[in-house]
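Accompanying notes for the structure given below.
Predicted, not measured: the structure shown is a model, and the values here were computed from it.
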Amino acid sequence: MTQHIGIVACSAEGAALCYRTICIEGAEQLGPHAHPEISMHTHSLADYVACIEAGDWEGVGELMLASSEKLARSGADFLICPDNTIHQALPLIEVRSPLPWLHIVDAVAAQAQARGYRKLGLLGTRWLVESDVYPERLAPLGIACLRPPPEEREDINRLIMDELVRGDIKPEAVPRFQGVIGGLAAEGCDAVVLGCTEIPLVINHTNSRLPTLDSTRLLARAALARAIAG
């Protein structure tokens, strides 16, 4: 028996990619068409954005907690959240959660360690990049985390919030991401974290100057492994 995965979703594109990855790669391990049971809940993205823009991380946490309670009632065994930014609120509610969580940074860190990366560039919303979500979990492992300069953070944030979360994938987004990655490479990074779950829609190992750590798929694979291990 595999365990039941609960997905606390935030934005549609990132959550959909995570869900698809579990289903597709589940079949590769469990047999044709097979994957663990999955339930998903999300509030309106507008509710999350209103809290984030107001700096109300307690409010973000309460939205996550409400989702976790609904997923627990649906029979989920553990939870994942395919959204890096709102992981800032997870410590505020984790002790009250009815179910255990897999942390997205732990999934990324495990892959970075396996590949021997020591200095990671971080791409994501400005709220994520300016937070301690990644540094505080990477530093104890001896892995450094480098942020793009402020003007590039704002540009990436606009791309994510105005385009990618709406599934608006424009060709000109690729060189803009590539330019930021090039700057991180010049600063000595040996890989880049795709720290927004929509970024893999435009950037991957085939068009990035640096090796990529796809947080969306890495979290999905960690959840799949947990579910299969039981």
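Using a 4.5 Å heavy-atom cutoff, the side chains of R115 and L213 are in contact. No side-chain heavy atom of E151 sits under 4.5 Å from any side-chain heavy atom of D155. Taking the side chain as every heavy atom from C-beta outward, L71 and I7 never approach each other to under 4.5 Å. When side chains are defined from C-beta on, H205 does not count as touching P211, because their heavy atoms never get closer than 4.5 Å. L146 is listed as a side-chain neighbour of L184, based on a closest heavy-atom distance under 4.5 Å. Using a 4.5 Å heavy-atom threshold, the side chains of L79 and L102 count as separate. Contact annotation: the side chain of S68 never approaches that of L99 to less than 4.5 Å [non-hydrogen atoms, C-beta and beyond].
Defined by atom type and a distance below 3.5 Å, a donor-acceptor pair is present between the side-chain atoms of N84 and Y134. A donor-acceptor contact under 3.5 angstrom links the side chains of S97 and W101, judged on distance only.
Minimum heavy-atom separation, I156 to G124: CG2-O, 3.5 Å. Nearest heavy atoms, G167 versus E13: CA-OE2, 3.5 Å.
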Residues K119, I143; criterion side-chain contact (heavy atoms from CB on, under 4.5 Å); working and verdict: CA-CA 6 Å; K119 187 175 184 179; I143 301 174; over 6 Å; no
Residue pair Y117, Q111: steps toward the side-chain contact (heavy atoms from CB on, under 4.5 Å) verdict: CA-CA 9 Å; Y117 299 143; Q111 185 71 357; 6.0 Å; no
I199 and C196: CA distance, side-chain angles, deciding distance, side-chain contact (heavy atoms from CB on, under 4.5 Å) verdict: CA-CA 6 Å; I199 295 176; C196 167; 3.6 Å; yes
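A donor-acceptor distance shorter than 3.5 angstrom exists from the side chain of D77 to the backbone of H4, with no hydrogens or angles considered. Remark: side-chain polar atoms of R137 are not paired, donor with acceptor, to backbone N or O of V133 under 3.5 angstrom. Using modelled atom types, one side-chain atom of D214 and one backbone atom of R217 make a donor-acceptor pair closer than 3.5 Å. In this structure a side-chain-to-backbone donor-acceptor pair under 3.5 Å is missing from E37 to G6. No donor-acceptor pair closer than 3.5 Å links the side chain of R209 to the backbone N or O of I181. At distances below 3.5 Å, not a single donor-acceptor pair connects side-chain atoms of H41 with backbone N or O atoms of S67. Using a distance-only test at 3.5 Å, with no hydrogens or angles considered, a donor-acceptor pair links the side chain of T216 to the main chain of T197. One N or O on the side chain of N207 and one on the backbone of N204 form a donor-acceptor pair closer than 3.5 Å. In this structure, the side chain of N157 engages the main chain of R126 through a donor-acceptor pair within 3.5 Å. No donor-acceptor pair closer than 3.5 Å links the side chain of K170 to the backbone N or O of E163.
Taking SG of C145 as the start and CG of L120 as the end, the distance is 6.5 Å to the nearest 0.5 Å.
Applying the side-chain hydrogen bond (donor to acceptor under 3.5 Å, both in side chains) definition to pairs two or more places apart or across chains, those involving residues 14-33 are E25-R221.
A salt bridge links R96 and E62; the closest N-O separation between the charged side-chain nitrogens and carboxylate oxygens is under 4.0 Å.
L218 and V202 are members of different hydrophobic clusters when ILVMFWY side chains are connected at heavy-atom separations under 4.5 Å.
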